[in-house]
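Just below is one structure, and these are the notes that go with it.
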Amino acid sequence: MMATDIERLLAFDRQHLWHPYASMTQPPPANLVASALGTRIRLQDGTELIDAVSSWWCMVHGHNPPAVIAAIQEQAAQFAQVMFAGFTHRPAIELAEALLAVCPPSLNRVFYADTGSIAVECALKMAAQYQVAKGRPKRCRMATIRGGYHGDTTGAMAVSEPAGMHEIFHGIMVQHLFAPQPHCEFDQPWRDDDFAPMAELLRKHRDELAAVIVEPIFQGGNAMRFYHPEYLRQLRELCSELDILLILDEIATGFGRTGKFFAQEHAGIVPDIMCVSKALTGGTIALSAVLCSGEVADGISSGTPGQFMHGPTYMASPLACAAGCAALRLFKSYDWAANVRAMDVQLRRELAPCRELANVKAVRVLGATGVLELAKLPSYERVQEVVMATGVWIRPFDHWLYTMPPFITTPAEISRITAAMRMAAE
Ligand SMILES: *Cc1c(COP(=O)(O)O)cnc(C)c1O
């Protein structure tokens, strides 16, 4: 592409396209992408960047895995889309079969949606409708922990950190119940008082509560922090005792990111409802799924009106389901768990020295995620400078500079990533 074409496109973009979490009058710089393959994104001007954030945590197998792209193409040649009401299709069925093979056996009912936020909306509605069906309509509130992130739609925002990025929308959100953020970090000793505030909250409000929703182990978008598995074990136990449903949002943690296939495995617990998305299609195309137990599905179906009242237009998109089948098969084609273990070791080793930097408040690593918590945010300009100088695509948000690389990233590439993070943190 000619330099003048690139300029024209970027000028139009600046004028008319709203980017995520961005100003329209002072848009942050945007790089024009030409192609992406494996760990690399190539820009129109020829620059090649290592994608250290897996394009928002999705591309676990790298960009454009050939088998996934072929599956999308093959499906597109048959039919790209068909309504899921009154029809079903092989990609949706086969993906559900593949999901059931990797999910806890009790989660064997699958509701497809199109994005992570919508999966969360569906999970919350399932919990609420389950309680109505059980003759407990007053149980319509949710409980969660501070520091959570569950998406950008109104229902999902209402169970996310209230003082976070969604604070301005306080007025349009349902008021749910928040326990403090767990104190004990993943690899610290457990202290029993850590769960006490949540226990108190649940016991006090049990008659109003439909469900508890949390991100298991790794609080992403609003905290970038790993908490202790014992918290989840006690949460599971108390939810069962009080007959409150437990929803686990595995949208970021699912499919290997924390070292286990699902983060709940660190605690050895199983929720009643679970949301997956992001890496479900290898990050190639939007898709999410909500899995629930027979108890939840049968409860809803035996109540009034008996149907679960949700149905996105692009529910069970055949293209996305075909991509999902191929992406799940890819986990069997290489030792992703060994790669993630090796990344954990290397990220710890190479990020630990950043603790000495004046601007670094904390360093955290678990599985294929490494986080520097900063005192002072780097500017867009500074980050862009580092990106161009190092050839590593990093993208801080709030005061976190982090990497969540594809599982196929090589040790040499990880070293380039940690060097870039250090440079941006300085
Ligand atoms: C990204 C994310 C979501 C929202 O997913 P979208 O596809 O962006 O709507 C929800 N929950 C968690 C834990 C996430 O990381």
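In each ligand, atom 1 is the first atom listed, and ligand 1 is the first ligand listed.
- Rounded to the nearest 0.5 Å, atoms CZ (Arg109) and CZ (Phe308) are 14.5 Å apart.
- For Tyr227 and Phe186, the ring centers are positioned 6.0 Å apart or more.
- Aromatic ring centres of Tyr334 and Phe407 lie farther apart than the 6.0 Å criterion allows.
- Salt bridge Glu250/Lys260: absent, no basic N to carboxylate O contact under 4.0 Å.
- Heavy-atom proximity to Glu215, at under 4.0 Å, picks out these atoms of ligand 1: 13 (C).
- Of all atoms in ligand 1, numbered sequentially from 1 with element shown, those under 4.0 Å from a heavy atom of His150 are 10 (C), 11 (N).
- Protein heavy atom closest to atom 12 (C) of ligand 1, with residue, atom name and distance, is Asp249 OD2, 3.4 Å.
- Applying the 4.0 Å criterion to heavy atoms of Gly116 picks out, from ligand 1, the atoms 4 (C), 5 (O), 6 (P), 7 (O), 9 (O).
- Residue contact check: Gly151 has heavy atoms under 4.0 Å from atoms 4 (C), 10 (C) of ligand 1.
- Trp336 has its ring centre less than 6.0 Å from the ring centre of Phe261.
- Every N/O-N/O distance between Ile118 and ligand 1 stays at or above 3.5 Å.
- Taking every non-hydrogen atom of Thr115 and a distance limit under 4.0 Å, the qualifying atoms of ligand 1 come out as 7 (O), 9 (O).
- For the residue pair Asp193/His183, the side-chain donor-acceptor check at 3.5 Å is not satisfied.
- Per-residue contacts place Ala252 under 4.0 angstrom from the following atoms of ligand 1 (heavy atoms of the residue considered): 15 (O).
- Using a 4.0 Å cut-off between heavy atoms, Trp57 contacts ligand 1 through its side chain alone, with no backbone atom that close.
- With sequence neighbours excluded, the residues forming a side chain to side chain contact (heavy atoms under 4.5 Å, CB included) with Ala98 are Leu328, listed by chain and number.
- Remark: ligand 1 atoms within the under-4.0 Å shell around heavy atoms of Ile251 are 2 (C), 3 (C), 10 (C), 11 (N), 12 (C), 14 (C).
- Remark: the Gln384 side chain and the Ser379 side chain contain no N/O donor-acceptor pair separated by less than 3.5 Å.
- Checked by distance only, ligand 1 and Ser277 stay at 3.5 Å or farther apart across all their nitrogen or oxygen atoms.
- Every atom of ligand 1 is numbered from 1 in the order shown, and the set under 4.0 Å from a heavy atom of Lys278 is 1 (C), 2 (C), 3 (C), 14 (C), 15 (O).
- Taking each of Ala156, Ala113, Ser117 in turn, the one with a heavy atom nearest to atom 4 (C) of ligand 1 proves to be Ser117.
- Between Tyr130 and Asp298, the side chains place no donor N or O within less than 3.5 Å of an acceptor N or O (distance only, hydrogens not considered).
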